[in-house]
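Below: the structure, in structure tokens.
Throughout, numbering of the chain's residues begins at 1 and tracks the sequence. Atoms considered below: every heavy atom in the structure, side chains included; atoms not considered: hydrogens, waters and symmetry mates.
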Amino acid sequence: MIHLARASLRLSSARDHPEPVQALKAICAAPTEQAAAQALDDFEASGLGKRYPAIVRTWRSAWPGFTPCLAFPPITRTVVHSTNMVESINSRLRKATRNRGHFPSEQAASKVLHLAVREQSNPEARDANHVAAHWKEALSRFSLFFEDRLGIQWHQATCKRSLTRPP
């Protein structure tokens, strides 16, 4: 989503950026695909859409790749549409490997990366500001959409077994 918005803004004049940003926010924040299509049609019919038809063409060509994002709730979209979290994780991984210098084996490197990712998702209280806002809520939504990919189902089954065992 963010790359599509950035590509759109490259096609317009910098002095006009506030107007297309508001129109693109209406498209991205739409609750349904039909509402997003209506917002795009409204933008196309507006004077700004007529002045910058390349923006409309960009959105129309990217529409099949954009619409699956609309299946997520708005709070999850805010986590997904930005690249800040991905860049933050990549920065932490680079820092973890750079500080170690040389690894004796591939397994050693993967352990360091695993620990860095675990620290990123569960920081101590002093480092709590480094976790993306709303990440836990987004993770719970992802577990509903992608339960076969996250491995949370196995964890829940393990917890249920441990709770149902007799003492």
Side-chain angles (χ1 to χ4, degrees), residues 1-98 106 109-110 113-114 116-123 128-156:
M1 289 171 64
I2 193 73
H3 298 294
L4 187 57
R6 287 178 182 166
S8 300
L9 291 178
R10 276 189 226 116
L11 298 171
S12 67
S13 172
R15 66 183 163 93
D16 291 335
H17 277 184
E19 295 172 31
V21 164
Q22 291 303 317
L24 298 177
K25 278 185 183 179
I27 296 168
C28 292
T32 64
E33 185 177 344
Q34 292 79 17
Q38 182 60 44
L40 182 59
D41 291 340
D42 292 344
F43 175 73
E44 184 177 18
S46 71
L48 198 60
K50 294 191 185 313
R51 190 175 330 148
Y52 298 112
I55 293 176
V56 176
R57 187 182 65 226
T58 301
W59 278 81
R60 297 255 186 238
S61 66
W63 197 254
F66 167 72
T67 53
C69 296
L70 297 174
F72 295 113
I75 195 75
T76 307
R77 288 187 220 165
T78 60
V79 172
V80 172
H81 87 278
S82 176
T83 59
N84 291 344
M85 187 168 177
V86 173
E87 291 169 0
S88 172
I89 289 173
N90 286 339
S91 171
R92 294 276 179 124
L93 295 177
R94 278 193 307 274
K95 183 179 177 183
T97 56
R98 184 181 61 233
E106 188 175 323
S110 80
L113 294 176
H114 171 74
V117 169
R118 192 173 80 181
E119 177 63 25
Q120 175 76 14
S121 62
N122 294 320
N129 292 332
H130 291 285
V131 175
H134 313 294
W135 173 245
K136 293 294 183 178
E137 187 175 346
L139 182 61
S140 70
R141 300 292 180 152
F142 291 143
S143 70
L144 297 175
F145 283 102
F146 306 111
E147 64 185 70
D148 57 329
R149 293 187 192 179
L150 291 178
I152 292 175
Q153 185 177 15
W154 175 84
H155 178 68
Q156 291 171 345

query = Would Asp16 and Arg51 satisfy side-chain contact (heavy atoms from CB on, under 4.5 Å), going step by step from the backbone distance to the final call?
reply = CA-CA 10 Å; Asp16 291 335; Arg51 190 175 330 148; 2.8 Å; yes
Determine all donor-acceptor pairs shorter than 3.5 Å in which one atom belongs to a side chain in residues 18-41; sequence neighbours excluded.
from: Thr32; atom 1: OG1; to: Ala35; atom 2: N; distance (Å): 3.1
from: Gln38; atom 1: NE2; to: Asp42; atom 2: OD1; distance (Å): 2.8
from: Asp41; atom 1: OD1; to: Arg60; atom 2: NH2; distance (Å): 2.6

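The stretch residues 62-76 participates, sequence neighbours left out, in no salt bridge (charged side-chain N to carboxylate O under 4.0 Å, His left out) pair at all. A ring-ring contact (aromatic ring centres under 6.0 Å, His included) check over residues 41-61, counting only residues at least two apart or in different chains, returns the pairs Trp59-Phe66.
Under the side-chain contact (heavy atoms from CB on, under 4.5 Å) criterion, Lys50 pairs with no residue at all, not counting sequence neighbours. With sequence neighbours excluded, the residues that form a side-chain contact (heavy atoms from CB on, under 4.5 Å) with Ala109 are Phe103. With sequence neighbours excluded, the residues forming a side-chain contact (heavy atoms from CB on, under 4.5 Å) with Arg10 are Arg6, Ala7, listed by chain and number.
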